[in-house]
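What you see below is based on every heavy atom in this structure, not just the backbone, and it leaves out hydrogens, waters and symmetry mates. Please read these numbers as outputs of a predicted model, since none were measured by experiment.
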Amino acid sequence: MKKYLLLLIPFSLCGRQLLVYWGDLFLFLQVLTSIFVLTGFMALLLKRTTLSTMLDWTIATCFSIYFYFLFHITVEMLAFPALNPPDWSNISFIVQTVNIHPIRSIFDVVRNNPNATFQIVGNLFMLSPFAFVMRYFSWVNSTKRTIMYGFFLSFGIEVIQLVETAVDMVWHLGIGRSPDSSDVLLNTAGALFGALAYHVWKAAKQPVRRKNGGLNSTL
């Protein structure tokens, strides 16, 4: 049960905001909800995880930190509501915020965004650590499933961002997210890279084990 101590990492990273927004009930409840969701998902992952070596603990600790930032960057909602009444007429513009042309949007980013490299590379490798850890801790048993779960995770993130965008447009919450199909494409490719990185690491580890085994038998 010691592995569940790792829940303290995302709890402490996210929980510090409780002190910041202690006097604002609306924001305080948002942070509390984020902590509940974040630690809940992390507990489900830890339930399927066995930590038996120092390397296991190191990777799990790094993953706990990574998982918090993944949640924070992609789906955590910390809204600052305006005093204006809800504007339901904006619902009709939600479809316009969704980009369904992934390749074209990537080229648009390259042409028009001065931070294009950072944005594209960030999306490309965003789920690579998740994919690597999925294989390392045997949460999935094949590269194909790793890529599939990476796709579903990315798609789920975009759906949540679509819902957040809808809520933002009606209540003017200042969330500032928009779903993009190119993110799904890049994230899924990143999951593939993470799975391949695991295989490279596993292949590189075998000669080291054989070498150490030969030294032990010689001694």
Side-chain angles (χ1 to χ4, degrees), residues 7 9-11 13-15 17-18 21 26-48 63-82 86-88 90-102 105-106 109 113 118-131 133-134 139-140 145-192 194:
L7 293 176
I9 295 175
F11 178 83
L13 290 172
C14 194
Q17 297 182 72
L18 291 174
Y21 300 115
F26 184 74
L27 294 175
F28 183 84
L29 290 176
Q30 287 184 71
V31 174
L32 204 60
T33 301
S34 294
I35 293 174
F36 177 78
V37 173
L38 181 62
T39 55
F41 274 107
M42 190 68 192
L44 290 175
L45 294 174
L46 287 174
K47 186 178 180 181
R48 303 187 59 185
F63 177 79
S64 299
I65 299 171
Y66 156 82
F67 191 68
Y68 161 75
F69 283 105
L70 178 66
F71 176 82
H72 174 70
I73 293 170
T74 57
V75 298
E76 183 181 19
M77 189 174 79
L78 191 61
F80 298 86
D87 186 0
W88 295 100
N90 286 334
I91 288 291
S92 59
F93 297 104
I94 291 176
V95 177
Q96 300 178 17
T97 67
V98 181
N99 178 21
I100 59 174
H101 303 285
S105 68
I106 292 174
V109 169
N113 191 337
F118 175 80
Q119 182 175 338
I120 292 175
V121 172
N123 279 313
L124 185 60
F125 292 103
M126 188 176 76
L127 295 186
S128 296
F130 205 114
V133 171
M134 275 196 285
W139 296 342
V140 295
R145 284 182 174 273
T146 303
I147 298 170
M148 182 181 69
Y149 285 128
F151 168 80
F152 285 130
L153 176 59
S154 179
F155 183 79
I157 289 172
E158 297 304 313
V159 170
I160 293 173
Q161 290 184 354
L162 178 61
V163 173
E164 291 179 345
T165 300
V167 173
D168 182 27
M169 296 183 74
V170 172
W171 278 279
H172 309 287
L173 300 179
I175 299 172
R177 289 196 177 106
S178 59
D180 194 326
S181 59
S182 64
D183 292 349
V184 178
L185 179 64
L186 293 171
N187 294 164
T188 305
L192 171 61

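- Within the 4.5 Å cutoff, the side chain of Leu70 has heavy atoms near those of the Leu127 side chain.
- Remark: Asp183 CG to Leu124 CG distance equals 11.0 Å, nearest 0.5 Å.
- Residues meeting the side-chain contact (heavy atoms from CB on, under 4.5 Å) test with Leu46, sequence neighbours left out: Tyr4, Leu6, Leu7, Met42.
- Within the 4.5 Å cutoff, the side chain of Leu18 has heavy atoms near those of the Phe28 side chain.
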Derivation of the side chain to side chain contact (heavy atoms under 4.5 Å, CB included) call for Cys14 and Glu76: CA-CA 10 Å; Cys14 194; Glu76 183 181 19; 3.8 Å; yes

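- With sequence neighbours left out, the ring pair (Phe, Tyr, Trp, His ring centres under 6.0 Å) criterion links Phe125 to Phe193.
- Here the shortest heavy-atom pairing between Glu164 and Met77 reads OE2-CB, 3.7 Å.
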Full working for side chain to side chain contact (heavy atoms under 4.5 Å, CB included) between Ile106 and Leu186: CA-CA 9 Å; Ile106 292 174; Leu186 293 171; 4.1 Å; yes

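- Using a 4.5 Å heavy-atom cutoff, the side chains of Phe71 and Pro10 are not in contact.
- Scanning for side-chain contact (heavy atoms from CB on, under 4.5 Å) contacts around Gln119 gives Val109, Asn113, Asn123, with sequence neighbours left out.
- For Phe41, there are no ring pair (Phe, Tyr, Trp, His ring centres under 6.0 Å) partners two or more places apart in sequence or in a different chain.
- Smallest separation of non-hydrogen atoms from Gly15 and Ile35: CA-CD1, 3.5 Å.
- Each side-chain hydrogen bond (donor to acceptor under 3.5 Å, both in side chains) pair with one or both residues in residues 35-44, not counting sequence neighbours, would appear here, but there are none.
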Distance-only criterion, 3.5 Å: show the donor-acceptor pairs between side-chain atoms of residues 151-161 and protein atoms not counting sequence neighbours.
residue : atom : partner : partner atom : Å
Ser154  : OG   : Asn187  : OD1          : 2.8
Glu158  : OE1  : Asp180  : N            : 2.8
Gln161  : NE2  : Thr74   : O            : 3.0

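- Listed by chain and residue number, Tyr66, Phe67, Phe130, Trp139 satisfy the ring pair (Phe, Tyr, Trp, His ring centres under 6.0 Å) test with Phe63 (two or more places apart in sequence, or in another chain).
- Applying the side-chain contact (heavy atoms from CB on, under 4.5 Å) rule to Tyr21 yields the partners Gln17, Leu27, Val31, Leu78, Phe80; only residues at least two apart in sequence or on another chain are considered.
- Contacts of Ala191 classified as side-chain contact (heavy atoms from CB on, under 4.5 Å), with partners at least two apart in sequence or in another chain: Ala131.
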